[in-house]
Protein chains: 2
Amino acid sequence: MELTERKMKILQAIIRNYLESGEPVGSRTISKFTDLHLSSATIRNEMSDLEEMGLIRQPHTSAGRIPTDAGYRLYVDNMLQGGQEEETSLKDVLLERGDRLEELLQQVVRLLSTNTNYPSMISAPVIRQGKIKFIQLSQIDPTDILGVVVIEGNVVRSTMIHVDEPLESKTLLRLNMLLNNALCGLSTDEITLGLVQEIKQQAGEHSEIAQHVIEAAAEAIHSDTKPRIYTSGADKILEYPELAEDNAKAGRLIGDFEEKKNLASIVQEALDSDDQDGDIQVYIGNEMPMASMQNCSVVTATYDLGGGMKGTIGVIGPKRMDYDRVIGVMKQIMRQLDELYKK
Amino acid sequence: MELTERKMKILQAIIRNYLESGEPVGSRTISKFTDLHLSSATIRNEMSDLEEMGLIRQPHTSAGRIPTDAGYRLYVDNMLQGGQEEETSLKDVLLERGDRLEELLQQVVRLLSTNTNYPSMISAPVIRQGKIKFIQLSQIDPTDILGVVVIEGNVVRSTMIHVDEPLESKTLLRLNMLLNNALCGLSTDEITLGLVQEIKQQAGEHSEIAQHVIEAAAEAIHSDTKPRIYTSGADKILEYPELAEDNAKAGRLIGDFEEKKNLASIVQEALDSDDQDGDIQVYIGNEMPMASMQNCSVVTATYDLGGGMKGTIGVIGPKRMDYDRVIGVMKQIMRQLDELYKK
DNA sequence: TGTTAGCACTCATCATCATCGAGTGCTAAC
DNA sequence: GTTAGCACTCGATGATGATGAGTGCTAACA
């Protein structure tokens, strides 16, 4: 069966209506509200066709129609106006921001959530291939040594190493040089067991310290591969009956949000599938594999702060989500993030 | 009216029963389940008295009785057995822990929440009066300088300082000495504007770098005064009808949890009111001033890792909370934290 | 004087049942 | 191809009555 112009219009009308009301929408409503000027009976015939095509369905006999996942997909792909951009107040927020990235992200995600009214997330930027740039050991106390590791992108990690007796400054210097020579320019996968052995051997009696530093370095690179995620607006889950109807499901969703579980996979998915920067992805229903999000839609976008520092922002809501608005807000925020980091 | 031994026993029986069932408890239930061997009629008379004393109340005529806040208070203060300690598996958790404090805390709070089945929180330890112990500047790139500050309790903060052209290693050394000499041993409130001016003057053309480092140092001390809070088990809120009955209220509670709002006041309250370490505090209903927690109880305890590093753990639940169990689990965890940090 | 049995009364809960109305599919007429 | 009309379905709503847990009160009892 062919999807005529008129069928498209009707489908669009159904979805628009359903997004607003959340109620199944009947033929009479459509006949009244569109500029098609068709009687409800005609609409009914068309609806019957649309149902056959798998784009809408009846929750039960003698109820109106609601869109299926396929219907949503068609809508998102072809019928969206691309979202007029909302005027968000990122600038105001940023004026009062602290200087720390963490707080910035927290504020951005809060902004995203308040403007869309959906639970939202943001992942801290990941450095793709972090290489070690700088290592330094310093004697802090007679029995404590501070190890600092800097990797590409100027991410800093520090570790405290406890020793039984103070090291001579000469020894410390030697260790510093040894570690820098051996490790600088390497990324995690280049730090082999053999290499570690070799370094430890060269470090002699201080092999334990070397070990510590290497571990810290590895962790520094690794812990930024597994990006930090910030969330906001988890409480909004309860505002959408289709997410909150079942306490157990809502609980799982909230739990996932709090623990940042599963959100990591969303981030990964978004980073992978994103062919073009600033592109916005929409996942409907079980297009997301996570069990807790079977009846959700997820909208994601990738931001790029330059230098390969990429992260993801995402909004999670019911399938009956105001896609237009969400996409608008997202575009706006992405653009402002861009501007902000050009400086 | 006097609170006789028998009245106490009846009150206790009512509360015990109510904690388990969540249903108003009637006279007949008490007469059957206690070893008092009294008829329901007698119990009714006593209950009538207890109601007059404000310890229990009827949600409506011809329903059983439930405890009032005052009743709970009496119960918590006088009738609790102090909780047999639960066997929690902190050790297992800790075996697989990473070395980072953050992860440790996250795991502890998760443990607390799974064992009690209530939403829980933990605050990272605050250093009361952090003094600067060590400062170091290192040239990382031609145009980037890494500043590292260590304060008491071995808390490390780092900052990246961008310069227009590389510094000579001699200059760097001089700055290092200058900053260490000027700032080591000081806490934030001792860093006056005058002192900052003086340092900047001595730094000469590099006053900007000095400024940066001082700010980082100040922030290092400051950001640990406003403690980080970790939470777990927010989803469990939905498991308790008295918290979830009203979607709006549950939402506010979940929101508070996610944003860590208001939890800071709990931490403060607990740290202040705690006269003795390891003491456990119970707040019932509006003994906590936060609006979102009017019909909750909060159980807190203060842990001490030595060296003035104190933090708070807390469990939030419905008034009808299994106080005995919660207190038991808390004691257990406190003890294990203690043991752990003796090493 | 304290305890208990008995009784009338209250009130939330639950299932039943009829009603209502939104919405459909089908048919026949335009 | 479009529309009006009609019978039919089925969830939602609300009234009704039965049930039963629980109370307060009174009178009898030890």
Sorted by chain and residue number, the side chain to side chain contact (heavy atoms under 4.5 Å, CB included) partners of A:Ser297 (sequence neighbours excluded) come out as A:Ile284, A:Lys319, A:Met321, A:Tyr323

Taken in chain and number order and not counting sequence neighbours, the residues that satisfy side chain to side chain contact (heavy atoms under 4.5 Å, CB included) with B:Ala291 are none

With sequence neighbours left out, the residues meeting side chain to side chain contact (heavy atoms under 4.5 Å, CB included) with B:Lys249 are B:Asp246, B:Arg252, B:Asn295

Reading nucleotides 25-30 of chain C from 5' to 3' and marking B where a protein heavy atom lies under 4.0 Å of the base, S where only the sugar-phosphate is that close, and - otherwise, the string is BB----

For B:Tyr118, the ring pair (Phe, Tyr, Trp, His ring centres under 6.0 Å) test, sequence neighbours excluded, returns B:Tyr240

| field | Chi angles and distances behind the side chain to side chain donor-acceptor pair (under 3.5 Å) call for B:Arg110, B:Tyr230 | value | CA-CA 9 Å; B:Arg110 196 172 302 148; B:Tyr230 303 87; over 6 Å; no

| said: Can a donor-acceptor pair be found, under 3.5 Å and without considering hydrogens, that links the side chain of B:Thr114 to the backbone of B:Leu111? | reply: yes

### Task
Scan side-chain atoms only and decide if A:Ser232 and A:Gln106 contain a donor-acceptor pair under the 3.5 Å cut-off.
no

Here the residues of residues 6-36 of chain B within 4.0 Å heavy-atom distance, strictly under, of DNA chain C are B:Arg6

Keeping A:Thr312 on the side-chain end and A:Thr302 on the backbone end, is there a donor-acceptor pair under 3.5 Å? no

Whole-Å distance, B:Arg57 CZ to D:dG22 P, equals 17 Å

So the side-chain hydrogen bond (donor to acceptor under 3.5 Å, both in side chains) pairs with at least one residue in residues 47-59 of chain A (sequence neighbours excluded) are A:Lys7-A:Asp49, A:Glu51-A:Arg65

Applying side chain to side chain contact (heavy atoms under 4.5 Å, CB included) to B:Glu258 and not counting sequence neighbours gives A:Thr231, A:Ala234, A:Asp235, A:Phe257

Once base and sugar-phosphate atoms are separated, protein heavy atoms under 4.0 Å mark nucleotides 8-18 of chain C, 5' to 3', with B, S and - as --BSS------

Those residues at least two apart in sequence (or on a different chain) that pass salt bridge (Lys or Arg N to Asp or Glu O under 4.0 Å) with B:Asp77 are B:Arg73

B:Asp49 atom CG is separated from D:dT23 atom P, nearest whole Å, by 14 Å

B:Leu3 and B:Met8 have their tightest heavy-atom pair at CD2-SD, 3.4 Å

Stems in DNA chain C, runs of 3 or more consecutive Watson-Crick or G-U wobble pairs with both distances under 3.5 Å, sorted by first number, are C:1-30 with D:1-30

Quick note, ring pair (Phe, Tyr, Trp, His ring centres under 6.0 Å) partners involving residues 3-62 of chain B, not counting sequence neighbours, are none

